[in-house]
*Asks:* 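Below is the structure I would like to discuss, written out as structure tokens.
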Amino acid sequence: MAKKKKTKTESIPFDKYSYYKRAVQAPDTDVEFLRDTYKELRGSAPEVLREDFCGTFSICCEWVKLGPKYRAHGIDLDYEPIQYGLTHYAPQLSKSQRERLTIHQENVLNPGLPKADVIAAMNFSHYIFKERSMMKSYFHNCLQTLNDGGILVADSFGGSQCGEANEETTKHKGFTYYWDQENFDPVTNFAQFHIHFKVDGQKKMERVFSYDWRMWSLPELREMMLEVGFKKTHVYWEGTTRSGEGNGIFRPVEKGEECQAWIAYVIGEK
Ligand SMILES: C[S@@+](CC[C@H](N)C(=O)[O-])C[C@H]1O[C@@H](n2cnc3c(N)ncnc32)[C@H](O)[C@@H]1O
């Protein structure tokens, strides 16, 4: 009788950035939107992107793939996601693509950040600024560091569902993603959110990412951009499918629709 082979049970570390990417990021379509929106507003192609709050800088990595003129700067305070991007995403780029990518461990409020044609603040990261004065300092810093004719693109979310605690569950291949709004304070508009994951057949991993934000409205964001000196602002609103779901196509609007949950881009033109 053959002896049973001894196997060492090693626990594989949970790769939170990989699940995050699969659940919430779509950097390839993001860069197309950023490039095409700049072209639509300015009539020419952009070259330099600055991805503020870049985390693992997946948008920068897609930007430099758009062509040999496309250069990208990523800015984040935290070395942990930067390190992940450097070891997991940057090595997948060609030599030329890597040479057009620079990552800076910096605060987005710091003076002297790299100049850009497009600054992107994605996944609602700017909601971390809870006071008007802080959000305006951020927008002012963006204006100072945009090239002439440059645009700031900041995504936003809201809807009646965000006015109370709620949890959305999305099943992906091999795992489940949870977007958990823990609370909402109508006096301050502050709200806390968590991302949980459950890999099929494993224990749920709670609070893998957490956010402490202020829910800003679209008119507030537009007003602050104009107050710091942006020439014009736009709201790009997502279209809907026949079944009422978001269709991933964002067009400029002057009027939105009542929704339980919406995503939109606020864009400031220098
Ligand atoms: C919600 S995550 C978004 C990451 C990435 N942009 C994405 O789309 O997945 C927010 C990121 O902003 C960074 N961050 C927060 N405050 C910052 C600041 N003042 N300056 C630079 N980065 C900041 C955090 O370290 C974190 O990586």
*Asks:* Backbone N or O of Ala120 within a donor-acceptor pair of the Asp52 side chain at under 3.5 Å?
*Replies:*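 Not confirmed, Asp52 side chain does not pair with Ala120 backbone.
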*Asks:* Membership question, hydrophobic clusters at under 4.5 Å side-chain separation (ILVMFWY): are Tyr89 and Val64 in the same one?
*Replies:*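 No.
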*Asks:* Could you state whether Ile82 and Ile75 fall into the same hydrophobic cluster, counting links through intermediate Ile, Leu, Val, Met, Phe, Trp or Tyr residues with side-chain heavy atoms under 4.5 angstrom apart?
*Replies:*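 Hydrophobic grouping puts Ile82 apart from Ile75.
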*Asks:* Whether Lys16 engages the ring of Phe197 as a cation-pi pair (distance to the six-membered ring centre under 6.0 angstrom, angle to the ring normal within 45°) should be assessed.
*Replies:* no
*Asks:* Quick check on the hydrophobic clustering: are Ile119 and Phe57 connected, directly or via other members, by side-chain heavy-atom contacts under 4.5 Å?
*Replies:*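 In one cluster: no.
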*Asks:* So Trp262 and Leu218, side chain to side chain contact (heavy atoms under 4.5 Å, CB included) or not? Walk me through it.
*Replies:* CA-CA 11 Å; Trp262 51 259; Leu218 296 171; 3.6 Å; yes
*Asks:* Is it true that a side-chain atom of Lys198 and a backbone atom of Gln202 form a donor plus acceptor pair closer than 3.5 Å?
*Replies:* yes
*Asks:* Check salt bridge (Lys or Arg N to Asp or Glu O under 4.0 Å) between Glu40 and all other residues, then give those that pass, not counting sequence neighbours.
*Replies:* Arg251
*Asks:* Do any pairs count as a salt bridge (Lys or Arg N to Asp or Glu O under 4.0 Å) and have a residue in residues 176-192, sequence neighbours left out, and if so which ones?
*Replies:*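 Non-adjacent pairs meeting salt bridge (Lys or Arg N to Asp or Glu O under 4.0 Å): Glu182-Arg207.
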*Asks:* Could you note down all residue pairs passing ring pair (Phe, Tyr, Trp, His ring centres under 6.0 Å) where residues 91-119 supplies at least one of them, sequence neighbours left out?
*Replies:* His73-His104
*Asks:* Is there a donor-acceptor pair under 3.5 Å between the side chain of Asn247 and the backbone N or O of Thr241?
*Replies:* no
*Asks:* Check whether any side-chain heavy atom of Arg214 sits under 4.5 Å from a side-chain heavy atom of Thr188, and report yes or no.
*Replies:*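 Counting from C-beta outward, Arg214 and Thr188 never come under 4.5 Å.
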*Asks:* Distance alone, cut at 3.5 Å: any donor-acceptor contact between the side chains of His234 and Glu269?
*Replies:* yes
*Asks:* Specify the closest pair of heavy atoms between Trp63 and Val31, including all atoms of both residues, with the distance to one decimal.
*Replies:* N-CG1, 3.6 Å
*Asks:* Measure from the ring center of Phe129 to the ring center of His126 and say whether it is less than 6.0 Å.
*Replies:*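 Judged by ring-centre distance (under 6.0 Å), Phe129 and His126 do not meet the cut-off.
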*Asks:* Between Glu168 and Gln161, do the side chains contain a donor N or O and an acceptor N or O under 3.5 Å apart?
*Replies:* yes
*Asks:* If I take atom SG from residue Cys60 and atom CZ from residue Arg71, how far apart are they, to the nearest 0.5 angstrom?
*Replies:* 13.0 Å
*Asks:* Hey, what do you get for CG (Asp15) to NZ (Lys21), rounding to the nearest 0.5 Å?
*Replies:* 11.0 Å
*Asks:* Could you measure the distance from the OH atom of Tyr127 to the CG atom of Asp212? Nearest 0.5 Å is fine.
*Replies:*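 Here the interatomic distance stands at 14.5 Å.
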*Asks:* Would you check if Val108 and Phe53 make a side-chain contact, meaning some heavy-atom pair closer than 4.5 Å?
*Replies:*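 Side-chain contact under 4.5 Å: yes.
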*Asks:* What residues form a salt bridge (Lys or Arg N to Asp or Glu O under 4.0 Å) with Glu32, not counting sequence neighbours?
*Replies:*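 Expected list: none.
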*Asks:* Can the ring centres of Phe175 and Tyr19 be said to be less than 6.0 Å apart?
*Replies:* yes
*Asks:* Is the shortest heavy-atom distance from the side chain of Arg50 to the side chain of Thr145 under 4.5 Å?
*Replies:* yes
*Asks:* Report yes if the side chains of Phe184 and Cys162 come closer than 4.5 Å at any heavy-atom pair, otherwise no.
*Replies:* no
*Asks:* For Lys270 and Asp148, indicate whether the former's side chain and the latter's backbone hold a donor-acceptor pair under 3.5 Å.
*Replies:*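 No: the side chain of Lys270 does not pair with the backbone of Asp148.
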*Asks:* Return all side-chain donor-acceptor pairs below 3.5 angstrom for residues 222-232, not counting sequence neighbours, or 'none' if the list is empty.
*Replies:*
residue : atom : partner : partner atom : Å
Arg222  : NE   : Thr233  : OG1          : 2.9
Arg222  : NH2  : Thr233  : O            : 3.1
Glu227  : OE1  : Arg132  : NH2          : 2.7
Glu227  : OE1  : Lys136  : NZ           : 2.9
Glu227  : OE2  : Arg132  : NH2          : 2.9

*Asks:* What orientation do Tyr20 and Phe209 show, parallel under 30°, tilted 30 to 60°, or perpendicular over 60°?
*Replies:*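 Tyr20 and Phe209: tilted rings.
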*Asks:* Under the criterion side chain to side chain contact (heavy atoms under 4.5 Å, CB included), I'd like the reasoning laid out for Arg35 against Leu66: C-alpha separation, chi angles, the key distance, then a yes or no.
*Replies:* CA-CA 9 Å; Arg35 178 198 60 196; Leu66 289 174; 3.6 Å; yes
*Asks:* Within the structure provided, determine whether Gln105 and Asp76 are in side-chain contact (heavy-atom separation under 4.5 Å).
*Replies:* no
*Asks:* I'd like to know if Leu86 and Leu49 are part of one continuous hydrophobic network [Ile/Leu/Val/Met/Phe/Trp/Tyr, side-chain heavy atoms within less than 4.5 Å].
*Replies:* no
*Asks:* Less than 4.5 Å apart, side chain to side chain, heavy atoms only: is that true for Glu106 and Leu113?
*Replies:*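 Heavy-atom side-chain distance check passes, below 4.5 Å.
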*Asks:* Does the side chain to side chain contact (heavy atoms under 4.5 Å, CB included) test come out yes or no for Ile249 and Glu238, once each step is laid out?
*Replies:* CA-CA 5 Å; Ile249 301 169; Glu238 192 177 13; over 6 Å; no
*Asks:* Is Leu93 close to Leu101 at the side-chain level, that is, under 4.5 Å between some pair of heavy atoms?
*Replies:* yes
*Asks:* Quick one: list whatever passes salt bridge (Lys or Arg N to Asp or Glu O under 4.0 Å) with Lys171, sequence neighbours left out.
*Replies:*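 Here the qualifying residues are Asp200.
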*Asks:* I'd like to know if Tyr79 and Leu109 are part of one continuous hydrophobic network [Ile/Leu/Val/Met/Phe/Trp/Tyr, side-chain heavy atoms within less than 4.5 Å].
*Replies:* no
*Asks:* Does any part of the side chain of Lys204, heavy atoms only, come nearer than 4.5 Å to the side chain of Tyr178, both counted from C-beta?
*Replies:*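 In contact.
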*Asks:* Assess, by modelled atom type and distance only, whether the side chains of Ser96 and Arg100 contain a donor and an acceptor separated by less than 3.5 Å.
*Replies:* yes
*Asks:* Parallel, tilted or perpendicular: which one describes the rings of Phe33 and Tyr236, with boundaries at 30° and 60°?
*Replies:* perpendicular
*Asks:* Once you round to the nearest 0.5 Å, how far does NE2 of His140 lie from CE of Met135?
*Replies:* 15.5 Å
*Asks:* Check whether the side chains of Tyr17 and Glu80 place a donor and an acceptor atom closer than 3.5 Å, and report yes or no.
*Replies:*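 Yes, side-chain donor-acceptor contact under 3.5 Å.
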*Asks:* So, does Ser125 use its side chain to make a donor-acceptor pair with the main chain of Ala121 at under 3.5 Å?
*Replies:* no
*Asks:* Could you give the distance from CG (Asp78) to OG1 (Thr56), rounded to the nearest 0.5 Å?
*Replies:*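 Answer for the CG-OG1 pair, Asp78 versus Thr56, is 11.0 Å.
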*Asks:* Would you verify whether the NZ or CZ of Lys130 falls within 45 degrees of the ring axis of Phe190 while also being under 6.0 Å from that six-membered ring's centre?
*Replies:*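 Pair Lys130/Phe190 counts as cation-pi.
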*Asks:* I would like to know whether Trp213 and Phe193 meet ring-ring contact (aromatic ring centres under 6.0 Å, His included); could you show each step before the answer?
*Replies:* CA-CA 8 Å; Trp213 285 339; Phe193 299 85; 5.5 Å; yes
*Asks:* After noting the C-alpha distance and the side-chain angles of Thr169 and Tyr177, does the key distance pass the side chain to side chain contact (heavy atoms under 4.5 Å, CB included) rule?
*Replies:* CA-CA 6 Å; Thr169 303; Tyr177 162 80; over 6 Å; no
*Asks:* Atom CG in Leu34, atom CD in Glu51: separation rounded to 0.5 Å?
*Replies:* 9.0 Å
*Asks:* Looking at Asn141 and Asn110, would you say the former's side chain and the latter's main chain have a donor-acceptor pair under 3.5 Å?
*Replies:* yes
*Asks:* With no hydrogens and no angle check, do the side chains of Gln25 and Ser58 hold a donor and an acceptor under 3.5 Å apart?
*Replies:*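 Yes, a side-chain donor-acceptor pair sits under 3.5 Å.
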*Asks:* Is the CD atom of Glu167 crowded by more than 12 outside heavy atoms at less than 6.0 Å?
*Replies:* yes
